[in-house]
Number of protein chains: 2
Amino acid sequence: MARIVEFDQELAVRRAMEVFWEKGYKGASLRDLTKAMQINPSSLYNTIGDKQELFVRCIRRYTDDRKEYIAQHAASSRSPLQTLKLFLDDAVTNVITGERSCLAIKAAFEVAGEDERIKSILKDDEDAMYRFLRSLLAKAMKQGEIRKEDPELITDYLLSAYTGWHESFILHRDPVKIQRMARYVLKQLSR
Amino acid sequence: MARIVEFDQELAVRRAMEVFWEKGYKGASLRDLTKAMQINPSSLYNTIGDKQELFVRCIRRYTDDRKEYIAQHAASSRSPLQTLKLFLDDAVTNVITGERSCLAIKAAFEVAGEDERIKSILKDDEDAMYRFLRSLLAKAMKQGEIRKEDPELITDYLLSAYTGWHESFILHRDPVKIQRMARYVLKQLSR
DNA sequence: TCTTTTCTGAAACGATCATTTCAATATAAG
DNA sequence: CTTATATTGAAATGATCGTTTCAGAAAAGA
């Protein structure tokens, strides 16, 4: 037979993801990408495909990481409200420590209007997060940990707020502002 | 003396704005731009400047339009709550009828991390909106039209939600979802 | 070891990028 | 009308874009 593929695809995609994350889809050149991936363009095209396909893989990798996060917290033994608090803490941390914001949100605004595959992956990602939060909120309400309301509305509210926090942090770089908003969300829920 | 500038700069910038709005900063080529502006690249460089400068002008034009909107509603004779309702209606309409989302938000996520001038303009824009809403909310609270709360927090909440609505609409294209969220906001305020 | 298959690296591909050049053109002042 | 100055359109600039080509290196089976 013949030679075997030498480079680690998973690692290479992870490295490409970092480049897309920082520069955006259009802002990342194939030179940037292949340099970070430490492979030759020919290797990229022989294995993964073109730039668009690589981006799809990167977005999938990013959202898969989130799916894992959700799975972990969904199986948690903590109380719903405690899980929710942890989730909000992580959300705040994500916003105020990420230099380059959130890859999924950036991709939504940059290319989801033109690229159906990307849009579909991001939609699935949001849906998964939606189901997780809705179920969490429903449980917390049932157990009387938070005020009873339409859990779907609250979920939409949380997801919207998270996106807004990212934009706010890009413009103002004010961690306290984000933390205050998160605290307010929690206060409103338990009030 | 000499020849006078022939093309209408204001109109040309407006046309360029549409291109940036649709394709993003990096996605818009100078061919796209000058074709839409109906001018020659040399005219662009002799009057406005390079691509970045043109983008700055476009973003300024966009945010100036918003400033005008704010000024109109700030001087309105309606009650604070009525103005707020109108504002929310406009926000929903903006989200669910705009094919290309919001130029300011897209620019924030695409370039505000790297371009200080753009970031500064967008920050000023957000600050203006912030002051308008805060004052509106404070008045509405004073007059007992809505529940008394920290008006700054509610303002942050509203602005965050607006950004999130845009992302939601890009992914789901569900107008009813946006309308429900807006109605929920209002319900929560007056409750 | 030899053959066969496949991957890798360097180079080159045409296309398009943002930007500049410059001669022809148009206008206002003298 | 002439002259001086500025704008315009067409073309070309070098750089960079995403992608492909291809010879040579590498590995597995015979």
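Per chain, numbering begins at 1; letters A, B, ... match sequence-line order. We use all heavy atoms of the structure for the numbers below, so side chains are in, but hydrogens, waters and symmetry mates are not. Quantities reported herein were computed from a predicted structural model and do not represent experimental measurements.
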Could you tell me whether [X] and [Y] make a salt bridge, using a distance below 4.0 angstrom between a side-chain N and a carboxylate O?
| X | Y | result |
| --- | --- | --- |
| B/E53 | B/R117 | yes |
| A/R100 | A/E18 | yes |
| B/R131 | B/D127 | no |

Using whole Å, report how far [atom1] of [X] lies from [atom2] of [N].
| X | N | atom1 | atom2 | value |
| --- | --- | --- | --- | --- |
| A/L44 | D/dT20 | CG | C1' | 12 Å |
| B/M37 | D/dG9 | CE | P | 13 Å |
| A/I39 | D/dT19 | CD1 | P | 13 Å |
| A/L54 | D/dT19 | CG | C1' | 14 Å |
| B/Q38 | D/dA10 | CD | P | 14 Å |

Give me the one residue out of A/E145, A/K139, A/Q143, A/K85 that meets side chain to side chain donor-acceptor pair (under 3.5 Å) with A/S79.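 Single side chain to side chain donor-acceptor pair (under 3.5 Å) partner of A/S79 among A/E145, A/K139, A/Q143, A/K85: A/E145.
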Pairing residues for B/Y162 by the ring-ring contact (aromatic ring centres under 6.0 Å, His included) criterion, not counting sequence neighbours: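 Residues passing ring-ring contact (aromatic ring centres under 6.0 Å, His included) with B/Y162: B/H166.
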Estimate the overall bend of the helix from C/dT1-D/dA30 to C/dA12-D/dT19 from the end axes over five pairs each, rounded to 10 degrees.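 Computed angle between terminal axes is 10°.
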Side-chain donor or acceptor of A/S160 paired with backbone N/O of A/D156 under 3.5 Å: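 It does hold such a pair.
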Within the side chain of A/K51, is there an N or O that forms a donor-acceptor pair under 3.5 Å with the backbone of A/Y25? yes
Quick tally for nucleotides 13-25 of chain C: nucleotides whose base has a protein heavy atom under 4.0 Å get B, sugar-phosphate-only ones S, the rest -, giving ----BSBBB---B
Check each of B/D90, B/D124, B/D125 against B/R66 using the salt bridge (charged side-chain N to carboxylate O under 4.0 Å, His left out) test, and report the only one that passes.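 Of B/D90, B/D124, B/D125, salt bridge (charged side-chain N to carboxylate O under 4.0 Å, His left out) with B/R66 is met by B/D125 alone.
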Are OP1 or OP2 of D/dT8 and a side-chain N or O of B/S43 less than 4.0 angstrom apart?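 For B/S43, the contact criterion (side-chain N or O under 4.0 Å from OP1 or OP2 of D/dT8) is met.
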